[in-house]
Amino acid sequence: MKKIVLLGPPGSGKGTQAELLSVKENFIHLATGDLLRNEISNKTELGKKVKSYIEKGLLVPDGMIVDFILDYIRKNDLYKKNVVFDGFPRRNFQAEKLEEELSKNGSGIDKAILIDVDENTIIERLSTRLICSGCKKIYPGNYEDDECFVCHNKLIKRTDDNIDVIKNRIKVYKEETTELLDFYEKKGKLVRIDGNDKPERIFEKIKEVVL
Ligand code: ADP
Ligand code: ZN
């Protein structure tokens, strides 16, 4: 069973590619941001704590996110399943804890795939994109309809997809998350993919690495 981490700046297409792996290749898509936004809508204790970080585009403290995700892995018994991690880990500490947890019941991460995209492209994508309020599917800003073709819920803008927060998320990615590239490179697990391409083409490249 495979464990894949997708890396890349916000808007690089991690969510889209993880979804393709889940629909077409039987992977479980662990979408960290979606899980956190669910906690916020359900007004859970964790949701109340993480809300202000997410609104500002800051990372949620490591302790909080690590406890939450490791707990999710245990509860859903993800050890013996194909999993694509999207949005976790975002710092070396998180990556170490993830390796530790997965190694208890199998092996660690198989591959970390960096989807590399130009900064101008991601700002343009994030500031225009829409998401389904039901199933969270991501749509480009110029999509011709105002509802999701899968579940027919309304397409909405994510509240942190506004230009100030986007700039902050990119800054946080550069300052905090790029340390993961070294982390996985040293383990011989890092693969870089050019993300300035159509989603289907990127997916083909990811499959070559994963399958
Ligand atoms: P994006 O990758 O587009 O920034 P996500 O939906 O993956 O968006 O995450 C949204 C927000 O959730 C982040 O800006 C951050 O505040 C929080 N978050 C998600 N994953 C993590 C993580 N692994 N560590 C800390 N904070 C996180
Ligand atoms: Zn939908």
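Note that the structure is predicted; figures quoted are calculated from it, not measured. For ligands, and for the atoms within them, numbers begin at 1 and follow the listed sequence.
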For ligand 1, which is the ligand I care about here, please tell me if D86 has any N or O atom under 3.5 Å from one of the ligand's N or O atoms.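 The answer is no, given that D86 and ligand 1 share no N or O pair closer than 3.5 Å.
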
Is there a donor-acceptor contact under 3.5 Å from the side chain of [X] to the main chain of [Y]?
{"X": "S133", "Y": "I156", "value": "no"}
{"X": "D71", "Y": "D67", "value": "no"}
{"X": "T32", "Y": "F88", "value": "yes"}
{"X": "K2", "Y": "D110", "value": "no"}

Can you tell me which residue and heavy atom of the protein come closest to [atom], and the distance to 0.1 Å?
{"atom": "atom 16 (O) of ligand 1", "result": "L58 O, 2.5 Å"}
{"atom": "atom 14 (O) of ligand 1", "result": "R169 CG, 4.0 Å"}
{"atom": "atom 24 (N) of ligand 1", "result": "Q94 NE2, 3.1 Å"}
{"atom": "atom 26 (N) of ligand 1", "result": "V60 N, 3.0 Å"}
{"atom": "atom 18 (N) of ligand 1", "result": "L36 CD1, 3.6 Å"}
{"atom": "atom 5 (P) of ligand 1", "result": "R90 NH2, 3.3 Å"}

Report yes or no: does M64 have a heavy atom closer than 4.0 Å to ligand 1?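 It does not, in that no heavy atom of M64 comes within the 4.0 Å cut-off of ligand 1.
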
Using a heavy-atom cut-off of under 4.0 Å, does the side chain or the backbone of T32 touch ligand 1, or both, or neither?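 It is the side chain that gets close, since no backbone atom is under 4.0 Å.
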
Quick one: does ligand 1 sit under 4.0 Å from the side chain of R158, the backbone, both or neither, non-hydrogen atoms only?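 It is the side chain that gets close, since no backbone atom is under 4.0 Å.
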
Could you check whether [X] pairs with [Y] (Lys NZ or Arg NE/NH1/NH2 to Asp/Glu carboxylate O, under 4.0 Å)?
{"X": "D62", "Y": "K97", "result": "no"}
{"X": "R74", "Y": "E101", "result": "yes"}
{"X": "R37", "Y": "D34", "result": "yes"}
{"X": "D118", "Y": "R125", "result": "no"}
{"X": "E45", "Y": "K48", "result": "yes"}

Please calculate the SG(C132)-the Zn ion (ligand 2)-SG(C135) angle and round it to 10 degrees.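 That angle works out to 110° after rounding to 10°.
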
Would you give the angle at the Zn ion (ligand 2) between C151 atom SG and C148 atom SG, to the nearest 10°?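 Once rounded, the angle between the two atoms at the Zn ion (ligand 2) is 120°.
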
Taking 4.0 angstrom as the limit and counting only heavy atoms of [X], give me the atoms of ligand 1 inside it, by number and element.
{"X": "G87", "value": "20 (N), 21 (C), 22 (C), 23 (N)"}
{"X": "F88", "value": "23 (N)"}
{"X": "K14", "value": "2 (O)"}
{"X": "R37", "value": "6 (O), 10 (C)"}

Does the salt bridge (charged side-chain N to carboxylate O under 4.0 Å, His left out) test come out yes or no for E204 and K207, once each step is laid out? CA-CA 5 Å; E204 289 307 313; K207 280 200 294 189; 3.6 Å; yes

Taking side chain as C-beta onward, heavy atoms only, is D160 less than 4.5 Å from L126?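 Result no, sub-4.5 Å side-chain heavy-atom pair not found.
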
Using heavy-atom distances only, which candidate in I65, I54, I40 approaches atom 11 (C) of ligand 1 most closely?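 The nearest heavy atom belongs to I54.
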
